[in-house]
Amino acid sequence: MLVSYHNHTRWSDGSSTIAEMVEGALDQGLDELGISDHFVLFPDRREVDWSMPLDLLGEYVAELKDTASRLDGMQLRLGVEADYLPGMEEQLKSELEKHPLDFVVCSVHYVDEFPVDADRKYWDPLPQERVNDIWRHYWLRVRDMAAARIGDIVAHLDLPKKYGFRPTVDLSAEEDQALDAIRAADLAIEINTAGWSLSAEEAYPSLRLLRKARQRGIPLVISADAHSPAHLTRHFGRARELAREAGYDRLLRFHQRERFEIPL
Ligand SMILES: [Zn+2]
Ligand SMILES: [Zn+2]
């Protein structure tokens, strides 16, 4: 079974419509396609240009539902990628619960006001100490996000490596706290294959972290984080190898916020 969740359309920062993504998925023989456009709920409700407008979540879900109802031979799964922002947990959950979503990808893109994956120009001037600090706080945010049980799948686990800036201190205690919280909340993680095409030059997360996740029994999905149809299954063969290397033999699929195991 070939499934690809965590993909973006023009509703947020993708380059294609839902219909174009569906067409691409059918061409590539997907059994299930998940669309998960960004939904970023700041305390001041400010709009960011890479998120869908906050008041259009209902319209977005309606277009997905309508498209899904007219499909034959492939399932379209309704999702969002929701940002974790401290203090917004309950409001976010209640906004999401109003809609018949199949899955929610949850992400940390901000450490306080620092945009982790927006542009390398934010990282370039940082002294190494600050880089270490951002990484440390990033892991604590992931821990808190998991504890708040906002979503079903924790996205791109080691995202701060995107532009190649790595910590030079041992953060294994913070990583372990994040992974333990994910396990305790019974959430899944993803192999996000986009990292292989970026300066990180490896998938999110690294094999080392993936092994730690496997040891804890944290379930897995393989995601492309595609922003165009051409990338819907990018590096999926490599991702399956990586998953096997870490000891996985099953993946997950989602329907109405419930998960089902499929063989890797
Ligand atoms: Zn993301
Ligand atoms: Zn994404």
Side-chain angles (χ1 to χ4, degrees), residues 3-18 20-21 24-25 32-42 48-52 57 60 64 76-85 88 92 96 101-111 113-120 122-123 134-135 138-139 141-142 144-146 148 150-163 165 178 182 187-200 202-206 209 220-236 239 252 254:
V3 306
S4 176
Y5 293 108
H6 190 167
N7 298 298
H8 299 274
T9 74
R10 272 192 218 152
W11 275 96
S12 61
D13 58 352
S15 60
S16 308
T17 62
I18 292 173
E20 288 163 347
M21 293 299 266
E32 286 190 6
L33 169 68
I35 299 290
S36 57
D37 274 301
H38 291 287
F39 185 76
V40 187
L41 185 60
F42 274 102
V48 284
D49 60 2
W50 48 274
S51 168
M52 72 178 78
L57 179 58
Y60 159 78
L64 283 174
L76 179 63
R77 297 302 183 202
L78 286 52
V80 295
E81 179 175 2
D83 265 61
Y84 170 65
L85 293 156
M88 296 303 289
L92 176 61
L96 296 178
L101 297 169
D102 289 309
F103 67 103
V104 172
V105 179
C106 53
S107 302
V108 173
H109 295 118
Y110 291 94
V111 174
E113 287 290 308
F114 186 81
V116 172
D117 69 331
D119 200 304
R120 71 171 301 136
Y122 299 112
W123 287 89
I134 288 167
W135 271 96
Y138 173 83
W139 286 119
R141 284 251 164 141
V142 173
D144 295 347
M145 173 172 77
I150 282 161
D152 307 298
I153 306 164
V154 176
H156 39 61
L157 200 56
D158 51 1
L159 181 67
K161 73 184 178 188
K162 177 169 178 178
Y163 301 109
F165 294 85
I182 291 168
L187 306 182
I189 60 163
E190 60 172 13
I191 291 180
N192 184 313
T193 62
W196 268 310
S197 301
L198 300 164
S199 327
E202 57 178 31
Y204 309 107
S206 64
L209 286 166
L220 184 70
V221 300
I222 293 177
S223 299
D225 207 347
H227 289 67
S228 69
H231 292 160
L232 278 169
T233 57
R234 184 164 58 160
H235 305 305
F236 267 32
L252 293 182
F254 289 84

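Only heavy atoms go into these numbers, but all of them, side chains included; no hydrogens, no water, no symmetry mates. Position 1 is the first residue of the sequence; numbering continues from there. Counting starts at 1 for both ligands and their atoms, in listed order.
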Note to self: The test is ring pair (Phe, Tyr, Trp, His ring centres under 6.0 Å); show your working for F114 and W123 and say whether it passes.
What the structure shows: CA-CA 9 Å; F114 186 81; W123 287 89; 5.1 Å; yes

Check: So W139 and W135, would you call those rings parallel, tilted or perpendicular, with 30° and 60° as cut-offs?
Finding: tilted

Notebook entry, point to check: With respect to the Zn ion (ligand 2), what is the nearest N, O or S atom of E81?
Noted result: OE1

Note to self: At less than 2.8 Å, would any N/O/S atom of H109, backbone or side chain, sit next to the Zn ion (ligand 1)?
What the structure shows: yes

Next item on the list: To the nearest 10 degrees, could you say what angle the Zn ion (ligand 2) makes with NE2 of H6 and NE2 of H8?
Entry: 110°

Note to self: Under 2.8 Å from the Zn ion (ligand 2), is there any N, O or S atom belonging to H156?
What the structure shows: no

Next item on the list: Have a look at D225 and say which of its N, O or S atoms is nearest the Zn ion (ligand 2).
Entry: OD1

Margin query: Can you tell me how the ring of H38 sits relative to the ring of H227, calling it parallel under 30°, perpendicular over 60° and tilted otherwise?
Written below: tilted

Next item on the list: Before giving the answer on side-chain contact (heavy atoms from CB on, under 4.5 Å), spell out for I189 and L209 the whole-Å C-alpha distance, their side-chain angles and the decisive distance to 0.1 Å.
Entry: CA-CA 11 Å; I189 60 163; L209 286 166; over 6 Å; no

Check: Parallel, tilted or perpendicular: which describes the rings of H109 and H156, with under 30° parallel and over 60° perpendicular?
Finding: tilted

